[in-house]
Amino acid sequence: MPVKVRFAPSPTGFLHIGGVRTALFNWLFARHAGGEFHLRIENTDTGREVAEATDQIKESLSWLGLDWDGPVTFQLDQTERCQVEARRLLEEGKAYEDEGAIRIKMPDEGVTGWDDAVRGPVEVANDTIEDLIILRSDGRPTYNFASPLEDWLDGITHVIRGDDHVSNTPKQIRVLEALGAEIPVYAHVGNVLGLDGKKLSKRHGAVGVDEFRREGYLPEALVNYLALLGWSYDDKTTIMSREELISRFTIERVAGSPATFDYEKLEWMNGVYLRELGEDAYAAALTTFLGEQGLDWDADLVRRTVPLVQVKLVRLDRYPEYAGFFFRDVTPDPKLLDARVLAAAEEALNKLDPFETEAIEQALRSLAESLELKPGKAFQPIRAAITGTNVSPSLFESIELLGREKTLQRLRAAAALAKD
RNA sequence: GCCCCCAUCGACUAGCGGCCCAGGUCACAGCCCUUUCAAGGCUGCAGCGCGGGUUCGAAUCCCGCUGGGGGCACCA
């Protein structure tokens, strides 16, 4: 039987990073097996912002490259079918009415168990499972009825979901049995925790996918990082392309223990991906990102700054601060300046020909020498004058790219500032 | 309160009885490189929660404890 899995978020808000991880595992599992990955919106509880949240979920998945098969389905669409099935269970004596709602009968003795694909055998005593309501008195199905029912209708073969669903599983298995449906394979993945050891939630920093996007993370990096949160290929492999992830992913190597989300490692990994990009691809990513930030900077100039910044940035959102001086004026802190050095620099660069990196470096080095200053000491005031700060891309290349006119202009302006 | 799940360096993890006085990655520290910051190279710091078993032999198996997480709705 071909593999068929689903990711079933509820449309209550943006896509949570823990949810994304669940989606990713489902997706990797399906793609590895050549099966299908479906997106189902569990809107059993009529939400107010369904449309908006659904769009956002779809966009987040798309951005990450997690494509789904077939149309997006909505649980609410199965309301009638749920009612029909509930009535059937009633007729078959497997359910009963209770104050207008319908409850399913659960066995009082014995156990309900399953062989969890990540945890192994799990058993729950039946006397701890109550007769749950499957249809509310207003006719709407409850989650624990609608979800397994739709899994059955959709022919879902594997249910891969978060740890928090473990206690729902025995209930859903009983529902499925009553329905006469086949029981899918269940796999419960450990939860994602925040730095404080608590389950990740909106309280703990950037947990929505959107936020990672705004902070300049690459989807490839996020996917790679997330894949390693609870799954591993072997004892030493860390960086894996999407294709490698797909071909290597198996549910057997997924861990059942909770994992703490580590921003520092994600950043490091993002840097790895950023550095691996070709210069044109890097420029394209940067331009797109800047556009999303509302910064309409000259794409050609952005492209030319790439060689100067690529190895330096670990996140795209650092670019404006780091390379913004190419696009807008600067106001350096006077404390970083030195009028004598700046005046000398202006003179040295004024009629330099050609105005190129190598010549610039040569000129400034001999300037340092004649002023009897260590190179680093002499360059810092110049750096501040040119870039506005004491942390910047390589000075000589920056000067070449900025051009003679602007360079001299900034040198003069800074020299004036320094005198006060 | 009841039920379920989990437990290796600060973090993510490898380990499925001897290959482990525990390996990799991030973080951290030191050194090298160096025009700042990064990146890179090298070195280092650091862990099997506790107590009982089983076994010739346990991080690996069993039991208990402790700790953490999740669940017990006409929420999903």
Side-chain angles (χ1 to χ4, degrees), chain A residues 8-12 41-47 75 98-103 116 118-120 122-125 127-130 132-147 162-171 188-193 195 197-199 225-239 252-253 255-269 271-272 274-275 308-314 318 322 336 360-361 364-365 368 374-380 382-384 387 389-399:
Chain A
S10 59
T12 49
I41 304 298
E42 307 230 303
N43 56 347
T44 321
D45 185 40
T46 346
Q75 198 154 74
D98 177 25
E99 292 184 32
I102 296 178
R103 285 186 189 273
D116 198 283
V118 341
R119 283 156 211 276
V122 181
E123 273 187 358
V124 178
D127 60 16
T128 65
I129 308 172
E130 62 171 4
L132 57 99
I133 289 178
I134 56 176
L135 212 63
R136 299 175 171 100
S137 46
D138 66 3
R140 284 154 54 229
T142 56
Y143 165 77
N144 274 317
F145 184 54
S147 185
D163 185 41
D164 45 326
H165 283 285
V166 172
S167 58
N168 286 324
T169 304
K171 302 172 189 171
H188 291 94
V189 182
N191 275 139
V192 178
L193 272 25
L195 266 359
K198 296 266 168 57
K199 193 183 165 193
Y225 176 76
L226 248 21
L228 256 22
L229 247 201
W231 174 81
S232 64
Y233 174 58
D234 59 14
D235 61 337
K236 54 192 56 151
T237 311
T238 303
I239 301 297
E252 288 73 31
R253 292 194 63 85
S257 45
T260 306
F261 193 89
D262 182 2
Y263 285 89
E264 285 177 331
K265 188 165 182 176
L266 205 216
E267 273 205 356
W268 164 78
M269 192 172 282
V272 170
L274 244 19
R275 275 173 253 126
L308 313 209
V309 303
Q310 184 166 12
V311 76
K312 313 266 192 176
L313 301 182
V314 83
R318 303 275 170 76
Y322 194 71
L336 301 174
I360 293 166
E361 175 165 3
L364 294 184
R365 280 191 189 283
K374 283 188 176 176
K377 194 87 173 155
F379 299 159
Q380 280 307 82
I382 302 176
R383 184 188 309 281
T387 71
T389 73
N390 52 8
V391 176
S392 81
S394 175
L395 182 60
F396 318 119
E397 274 141 321
S398 295
I399 288 176

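Letters A, B, ... are given to chains in the order of the sequence lines, protein chains preceding strands, and every chain is numbered from 1.
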Just how far, in rounded Å, is C1' of B:A27 from CG of A:Asp262? 7 Å

Find the distance A:Ile129:CD1 to B:A73:P and express it as a whole number of Å. 13 Å

Sugar-phosphate only, base, or nothing, as touched by A:Leu229 at under 4.0 Å among non-hydrogen atoms: sugar-phosphate

Sub-4.5 Å side-chain heavy-atom contact between A:Ile134 and A:Pro141: no

Quickly, which of A:Leu308, A:Leu313, A:Val311 forms a side-chain contact (heavy atoms from CB on, under 4.5 Å) with A:Pro393? Name it, please. A:Leu308

For A:Gln310, report the nucleic acid contact type (base, sugar-phosphate, nothing); a contact means any heavy atom under 4.0 Å. nothing

Nearest-nucleotide 5' precedence on RNA chain B, A:Asn144 against A:Val166: A:Val166

A:Ile133 versus A:Ile102: any side-chain heavy-atom pair under 4.5 Å? no

Write down the distance separating the P atoms in B:C65 and B:G71, rounded off to the nearest Å. 23 Å

Calculate the interatomic distance between A:Asp98 atom CG and B:A73 atom P; express it in whole Å. 14 Å

Quote, to the nearest angstrom, the P distance that separates B:A27 from B:G64. 41 Å

Taking only nitrogen or oxygen atoms into account, show me every contact under 3.5 Å that the protein makes with nucleotides 20-23 of chain B, one pair per line with its distance.
| unit_1 | atom_1 | unit_2 | atom_2 | d |
| --- | --- | --- | --- | --- |
| B:G23 | N2 | A:Asp235 | O | 3.1 |

Any A:Thr142 side-chain heavy atom under 4.5 Å of A:Leu135 side chain: no

Figure out the CD1/P separation between A:Ile239 and B:U25, and round it to whole Å. 11 Å

Taking the C1' atom in each of B:G15 and B:G47, what is the distance between them to the nearest angstrom? 13 Å

Base, sugar-phosphate, or nothing for A:Gly271, non-hydrogen atoms under 4.0 angstrom? nothing

Using the C1' atom in both, what is the distance from B:G10 to B:A46, to the nearest Å? 9 Å

How far, in whole Å, is B:A58 from B:U25 if one measures between their P atoms? 30 Å

Side-chain heavy atoms of A:Lys171 within contact of A:Ile129, under 4.5 Å: yes

C1' atoms of B:C48 and B:C56, separation to the nearest Å: 22 Å

Which nucleotide sits closest to the side chain of A:Phe379: B:C3, B:U35, B:A76? B:U35

Consider only side-chain N and O atoms of A:Asp116 and A:His188, and report whether a donor and an acceptor are under 3.5 Å apart. yes

Over all strands shown, is A:Pro9 touching base, sugar-phosphate only, or nothing at heavy-atom distances under 4.0 angstrom? nothing

Could you tell me which non-hydrogen atom of A:Tyr233 sits nearest to which non-hydrogen atom of A:Arg253, and how far apart they are? O-NE, 3.1 Å

OP1, OP2 of B:C12 versus side-chain N and O of A:Thr260: anything below 4.0 Å? yes

Salt bridge check: are A:Asp234 and A:Lys236 linked by an N-O gap of less than 4.0 Å? no

Determine: side-chain N/O of A:Arg103 to OP1/OP2 of B:A73, distance under 4.0 Å, yes or no. no

Hey, is the side chain of A:Arg140 poking within less than 4.0 Å of OP1 or OP2 on B:C74, counting only N and O atoms? no

Name the nucleic acid region contacted by A:Ser137, choosing base, sugar-phosphate or nothing; use a 4.0 angstrom heavy-atom cut-off, strictly under. base

Watson-Crick/G-U partner (both atom distances under 3.5 Å) of B:C2: B:G71

What is the base-pairing partner of B:A59, counting Watson-Crick and G-U wobble geometry with both distances under 3.5 Å? none

Taking it one step at a time, do A:Phe145 and A:Tyr143 satisfy ring pair (Phe, Tyr, Trp, His ring centres under 6.0 Å)? CA-CA 5 Å; A:Phe145 184 54; A:Tyr143 165 77; over 10 Å; no

Minimum heavy-atom distance between A:Phe261 and A:Leu226, given as atom pair plus value: CE1-CD1, 3.8 Å

Categorize A:Leu395 for me: base, sugar-phosphate, or nothing, with a 4.0 angstrom heavy-atom threshold over every strand shown. base

Please determine if a side-chain N or O atom of A:Ser232 lies less than 4.0 Å away from the OP1 or OP2 oxygen of B:A14. yes

For A:Asn168, answer base if it contacts any base atom (sugar-phosphate contacts may also be present), sugar-phosphate if it contacts only those atoms, and nothing otherwise; contact means non-hydrogen atoms under 4.0 Å. base

With heavy atoms under 4.0 Å as the rule, sort A:Tyr322 into base, sugar-phosphate or nothing. base

Classify every nucleotide of nucleotides 38-48 of chain B by which part a protein heavy atom approaches to under 4.0 Å, writing B for the base, S for the sugar-phosphate alone and - for neither, in 5'-to-3' order. BSS--------

Just to be sure I understand the rule, does A:Thr169 reach a base, reach only the sugar-phosphate, or reach nothing, if contact means heavy atoms closer than 4.0 Å? nothing

State which of B:G24, B:U35, B:U36 makes the closest approach to the side chain of A:Lys265. B:G24

Gap between atoms CD and P, on A:Gln380 and B:C37 respectively (whole Å): 8 Å

Same-atom distance (C1') from B:A39 to B:C45, integer angstrom: 23 Å

Both distances below 3.5 Å, Watson-Crick or wobble geometry, any strand: find the nucleotide opposite B:C50. B:G64

Between B:C3 and B:G18, how many Å separate the two C1' atoms, rounded to a whole number? 39 Å

Looking only at heavy atoms, which two atoms of A:Tyr225 and A:Met269 are closest? And how far apart? N-SD, 3.5 Å

Test item: A:Val122 and A:Thr169 side chains (from C-beta on) under 4.5 Å apart, heavy atoms: no

Would you classify A:Arg253 as touching base, sugar-phosphate or nothing, given that sugar-phosphate means primed atoms plus P, OP1 and OP2, and contacts are heavy atoms under 4.0 Å? sugar-phosphate

Taking for each residue the nucleotide of RNA chain B with the nearest heavy atom, is it A:Tyr225 or A:Glu99 whose nucleotide lies nearer the 5' end? A:Tyr225

Which nucleotide, in any strand shown, forms a Watson-Crick or G-U wobble pair with B:C42, with both distances under 3.5 Å? B:G30

Touch class at under 4.0 angstrom, heavy-atom based, for A:Thr142 against every strand present: sugar-phosphate

Main-chain N/O of A:Leu132 paired to A:Arg103 side chain as donor or acceptor, under 3.5 Å: no

Interatomic distance where CD belongs to A:Glu267 and P belongs to B:C12 [whole Å]: 18 Å

